[in-house]
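Written below as C-alpha cells is the structure these notes are about.
In each ligand, atom 1 is the first atom listed, and ligand 1 is the first ligand listed. Residues take their numbers from the sequence shown, with the count starting at 1.
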Amino acid sequence: MILLDSVTKKYPGDSELALDSVSLHIEPNEFVFLVGKSGAGKSTLIKMITKEEIPDSGKIIIGGIDLDYVKKRHIPGYRRRLGVVFQDFKLLPRRTVYENVAFALEIAGMSNKEIRRTVPKVLELVDLLDQANKFPDQLSGGQAQRVSIARSVARQPKILIADEPTANLDKLTTSEIIDLLKRINDFGTTILVTTHNENVVNNLQKRVVTLKNGKIVSDQKNNGIYSLDNTPIPKQPARKVQTPGHALRPRRKII
Ligand code: ADP
C-alpha cells in the first residue's frame, strides 16, 4: 500500500510548491499511471516514496512503513524493498546482463546458491535468457529496460515504481515493456508508472492520477484517460475489455 497524506514539498530557492498538500492512496496490486506536464511534480512525488527527498509536511506510509521513522542509515535497506525502474535503465556497464541482476541480489544479501537459482528464472520472465552474457552496450533500448525491470523484480518487491520507463523507446518496444509491467502486476505487484505517453495510458484503461502545479487535479479510478489540463472528459461508450487469461490466475510468486 502507498499512502500520502497532505504531502507538501518546496525546494529551497523555489517560489512555488513542488507538491501542494497531495493525498494519494494506492491499494496493494493496483496499477496506477501518474501523469502531468513537465514540472507538475511527478518526480518529486516518486522521490517522496523512495525517500530521496523529504516532505516539508505530511505523512507517507509505504507498505506499512512510516517513512518518518526510516533513519538515514536504513534508507538503502528500505529502498531495496521497492523495485525502481528508470528511463535511462541505470545498468552497470562493465557487468553482463546476468551479473547486473545477480549483483542486485548479492547486495540484498541473497546466498550464491539462491542467486544461481533466481537469476535464470527472472531472465526468463523478461525473455532475456539467451542474452545473459551480453554487456549493456550490446543491447537494444527495450532489452536494456527489460534487464532493469528484471533486476528490480528479482527481489520480489511488493511495489514497483517506474519513472518514465518508456521515454527512450520506440512504439513497439514501449508496448513490450508495458505488457511486461502488466504481467508483473498480474502476479500481485503494485505498479506506479509516470509517463507522457498518451497512447499507453489510454489503451491500458487503468487508474490515472493527474498532477498539475503540484496538486492532484484528477484521480480516475478506472478506465483513466490522459488529460493533462483536467478538461472535462467526454463520457465514453462502455469498452469491451479483453481480459488476458493470465489475469484470472490466482496471485503467485513472480519467479
Ligand atoms: P515533473 O517530474 O512532473 O517534471 P518535478 O517533480 O521534477 O516535476 O518538479 C516539480 C517542481 O519542482 C518544478 O517546479 C521543478 O522546477 C521543481 N524542482 C524539482 N527538482 C528540484 C530541485 N532539485 N531543486 C529545485 N527545484 C526543483
(message) So, applying salt bridge (Lys or Arg N to Asp or Glu O under 4.0 Å) with Asp66, which one of Lys59, Lys51, Lys71 is it?
(response) Lys59
(request) Could you tell me whether the side chains of Ser148 and Gln145 share a donor-acceptor contact shorter than 3.5 Å? (result) yes
Ligand-side contact atoms (ligand 1) for residue partner [X], heavy atom cut-off under 4.0 Å:
{"X": "Ala40", "value": "1 (P), 3 (O), 8 (O)"}
{"X": "Lys37", "value": "3 (O)"}
{"X": "Ser38", "value": "4 (O)"}
{"X": "Lys42", "value": "1 (P), 2 (O), 3 (O), 4 (O), 6 (O), 8 (O)"}

(request) Show the numbers, then the answer: is there a side chain to side chain contact (heavy atoms under 4.5 Å, CB included) between Lys42 and His196? (result) CA-CA 11 Å; Lys42 303 180 296 296; His196 281 109; 3.7 Å; yes
What protein heavy atom lies closest to [atom]? Include the residue and the distance to one decimal.
{"atom": "atom 15 (C) of ligand 1", "answer": "Asp14 OD2, 4.5 Å"}
{"atom": "atom 7 (O) of ligand 1", "answer": "Ser43 CB, 3.8 Å"}
{"atom": "atom 8 (O) of ligand 1", "answer": "Gly41 N, 3.1 Å"}
{"atom": "atom 5 (P) of ligand 1", "answer": "Thr44 OG1, 3.7 Å"}
{"atom": "atom 27 (C) of ligand 1", "answer": "Tyr11 CD1, 3.2 Å"}

(request) Look at the side chain of Gln143 and the backbone N and O of Leu128, then say whether any donor-acceptor pair between them is shorter than 3.5 Å. (result) no
(message) Taking Ser21's backbone N and O only, do any of them form a donor-acceptor pair with Thr8's side chain (distance below 3.5 Å, no angle check)?
(response) yes
(request) State if Lys9 counts as touching ligand 1 under the rule of any non-hydrogen atom under 4.0 Å. (result) no
(message) Between Tyr11 and Thr44, is the side chain to side chain donor-acceptor pair (under 3.5 Å) condition met? List the steps.
(response) CA-CA 10 Å; Tyr11 290 98; Thr44 303; 2.9 Å; yes
(request) Applying side chain to side chain contact (heavy atoms under 4.5 Å, CB included), run through Thr195 and Ile178 and close with a yes or a no. (result) CA-CA 11 Å; Thr195 185; Ile178 295 297; over 6 Å; no
(request) Say whether Pro12, considering both its backbone and side-chain N or O atoms, lies within less than 3.5 Å of an N or O atom on ligand 1. (result)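 Among all N and O atoms of Pro12, none is under 3.5 Å from an N or O of ligand 1.
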(request) Check whether any N or O atom of Glu53, backbone or side chain, sits under 3.5 Å from an N or O atom of ligand 1, and answer yes or no. (result)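 Glu53 vs ligand 1: no N/O contact under 3.5 Å.
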(request) Can you figure out which of Gly39, Ser15, Gly13 has its heavy atom closest to atom 14 (O) of ligand 1? (result) Gly39
